[in-house]
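Read the structure below first, then the notes.
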Amino acid sequence: MDRAETLLQLRSSLSEVLNREVPELREDARLFDDLALDSTSVIELLMSLEDTVGLEIDPEELGPEVFKTVASLAEYVEAGLAKTATA
């Protein structure tokens, strides 16, 4: 999955979790401040990503830096998918 596909999937999952269309998803958008995610919606987002892209989430790797921006979350997703592909 390339970066554009990752961002498209994130946008789709965010729209589902937030119950509203996210028409544009900038990589510098802050998940909590700009997109209004909260702790519950983060869990829903991660579950959605597990279901839709096959991401395996390791709770040990989930620090606050993962949820800082769209870019940081995209990097986490890409790293997780790469790890799954090599396992």
Side-chain angles (χ1 to χ4, degrees):
M1 180 178 289
D2 68 15
R3 186 61 160 221
E5 291 171 324
T6 301
L7 292 173
L8 185 63
Q9 187 57 54
L10 283 176
R11 193 180 110 212
S12 174
S13 292
L14 281 165
S15 293
E16 178 184 321
V17 166
L18 295 171
N19 293 317
R20 64 179 167 86
E21 185 62 31
V22 178
E24 181 184 352
L25 192 60
R26 295 184 347 265
E27 289 198 42
D28 64 344
R30 297 168 297 172
L31 295 174
F32 290 97
D33 297 332
D34 299 331
L35 297 174
L37 262 77
D38 59 22
S39 57
T40 303
S41 55
V42 165
I43 292 168
E44 292 176 22
L45 176 61
L46 292 173
M47 290 186 334
S48 174
L49 290 169
E50 281 183 317
D51 291 343
T52 58
V53 299
L55 179 66
E56 291 184 28
I57 296 175
D58 181 358
E60 298 293 320
E61 295 177 354
L62 287 178
E65 67 281 353
V66 170
F67 303 104
K68 189 169 185 152
T69 64
V70 169
S72 62
L73 181 57
E75 289 163 9
Y76 173 79
V77 169
E78 290 169 343
L81 290 175
K83 195 181 297 183
T84 300
T86 60

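- Residues V17 and I43 are members of separate hydrophobic clusters, defined by side-chain heavy-atom contacts under 4.5 angstrom among Ile, Leu, Val, Met, Phe, Trp and Tyr.
- What you find for P59 and I57 is that their closest heavy atoms are CD-O, 3.5 Å.
- Residues S72 and V66 have side chains not in contact (no heavy-atom distance under 4.5 Å, counting atoms from C-beta outward).
- Considering CZ of F67 and CG of L45, their distance stands at 7.5 Å, rounded to 0.5 Å.
- Note: L37 CG to L73 CG = 9.0 Å, rounded to the nearest 0.5 Å.
- Within the 4.5 Å cutoff, no side-chain heavy atoms of E16 are placed close to those of R11.
- Looking at residues two or more places apart in sequence or on another chain, you find no salt bridge (charged side-chain N to carboxylate O under 4.0 Å, His left out) involving E44.
- Atom OH of residue Y76 and atom OG1 of residue T6 lie 13.5 Å apart, to the nearest 0.5 angstrom.
- Closest of all the heavy-atom pairs between L25 and L7 is CD2-O, 3.7 Å.
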Name every donor-acceptor pair, under 3.5 Å, that has one atom in a side chain of residues 48-55 and the other anywhere in the protein, sequence neighbours excluded.
unit_1	atom_1	unit_2	atom_2	d
S48	OG	S13	OG	3.1
T52	OG1	Q9	NE2	3.1
T52	OG1	S48	O	2.9

Can you check salt bridge (charged side-chain N to carboxylate O under 4.0 Å, His left out) on K83 and E78, steps first, answer last? CA-CA 9 Å; K83 195 181 297 183; E78 290 169 343; over 6 Å; no

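- Heavy-atom neighbours of E56 CD from other residues, nucleotides or ligands within 6.0 Å: at or below the threshold of 12.
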When the side chains of residues 27-36 are checked against the rest of the protein, which donor-acceptor pairs come out under 3.5 Å, sequence neighbours left out?
unit_1	atom_1	unit_2	atom_2	d
E27	OE1	R3	NE	3.3
E27	OE1	R3	NH2	2.6
D28	OD1	R26	NE	2.9
D28	OD1	R26	NH2	3.2
R30	NE	D34	OD2	3.3
R30	NH1	D33	OD2	3.4
R30	NH2	D34	OD1	2.9
D34	OD2	R30	N	2.8

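- Here the side chain of S15 pairs a donor or acceptor atom with the backbone of V22 at under 3.5 angstrom.
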